[in-house]
Amino acid sequence: MKLQFSHSWNLTSAEAIALQRKLRPHLILEDRLKPVQRVAGVDVGFEAGGAVTRAAVAVLRYPELDVVETALAQRPTAFPYVPGLLSFRELPAVLEALEQLRESPDLLLCDGQGIAHPRQLGIASHLGLLVDIPSIGVAKTRLYGTHDEPPNVRGAWTPLWAGGEIIGAVLRTRPNVKPLYISLGHRISLDTAIRYVMACCTRYRLPETTRHAHRLASRR
DNA sequence: GCGACAG
DNA sequence: ATCTTGTCGC
């Protein structure tokens, strides 16, 4: 697939924050999706020591959820981990992995926050904007906002609040398992986002799927 | 000033 | 992200 926009990644923290403020107004926080036939799970992380940043992508057919394509990219880490600036560390590798795909996914489920972020531009939103594909932030822990604990029932969720607004959902994808932090990336509404995350967790847990893709791709 | 802080 | 010990549920 080809990329839509690009910008420099050689930035200071202050420049990165300024860029987030500049990009934020371009986010579309309502449903603008094509029929979803391919969902991509995007997993980000780095190797022990932090010298190498990795991104793995697993593309699943929807709604069957079988894996049709995987990609892995590694790059020397060029930006430190700073809470709120994760995308500047991880996205170069993610974009490189996405470029390897034969066909563009219709929806991205990205490891990390979307608008549940101090400047409403977490990695999922930043990514969705750059590639112009609907995206959802799926994080394992909280970065921003306050919430009640969701009931211990599959599908239950509570709002994630900040500044009197609902910025995401704390979603129980399985009973007796820590809930996921869902927030909008780009071109999708919260109701739709929750629906897709639950649909993708019916037979596979997406984090496990991407991790599996990560391992498969690593052995080459 | 002090705590909080995606991966 | 990564490391570790103790506890719980299947």
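Chain identifiers are assigned alphabetically (A, B, ...) following the order of the sequence lines, protein sequences preceding nucleic acid strands; residue numbering begins at 1 within each chain.
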Per-nt protein contacts along nucleotides 1-7 of chain B (heavy atom under 4.0 Å; B base, S backbone sugar-phosphate only, - none) come out as ---SBBB
Side chain to side chain, A:Glu30 and A:Ile188, heavy atoms closer than 4.5 Å
no
Using a 3.5 Å cut-off and no angle test, enumerate the donor-acceptor pairs between side-chain atoms of residues 157-164 of chain A and protein atoms at least two apart in sequence or in another chain.
residue	atom	partner	partner atom	Å
A:Thr158	OG1	A:Asp148	O	2.7

Grouping I, L, V, M, F, W and Y whenever their side-chain heavy atoms are under 4.5 Å apart, do A:Val52 and A:Val94 come out in a common cluster?
no
Using a 4.5 Å side-chain heavy-atom cut-off and chaining through intermediate ILVMFWY residues, the residues clustered with A:Ile28 come out as none
Which dot-bracket string describes DNA chain C (Watson-Crick N1-N3 plus N6-O4 or O6-N4, or G-U N1-O2 and O6-N3, all under 3.5 Å; [ ] crossing; | other strand)?
..........
Side chain to side chain contact (heavy atoms under 4.5 Å, CB included) between A:Arg38 and A:Glu69: does it pass, once the steps are laid out?
CA-CA 10 Å; A:Arg38 294 160 65 89; A:Glu69 215 177 335; 2.7 Å; yes
Please collect all salt bridge (charged side-chain N to carboxylate O under 4.0 Å, His left out) contacts where either partner lies in residues 186-201 of chain A, sequence neighbours excluded, each pair once.
A:Asp132-A:Arg187
Between A:His117 and A:His126, is the ring centre distance below 6.0 Å?
no
May I ask you to say whether A:Asp111 pairs ionically with A:Lys140, meaning some side-chain N is under 4.0 Å from a carboxylate O?
yes
Pairs under 3.5 angstrom, nitrogen or oxygen only, protein versus nucleotides 6-10 of chain C, please.
none

For the residue pair A:His7 and A:Phe88, categorise the inter-ring angle as parallel (less than 30°), tilted (30 to 60°) or perpendicular (more than 60°).
tilted
For A:Tyr181, run the side chain to side chain contact (heavy atoms under 4.5 Å, CB included) check against A:Leu171, A:Leu143, A:Val170 and tell me which one passes.
A:Val170
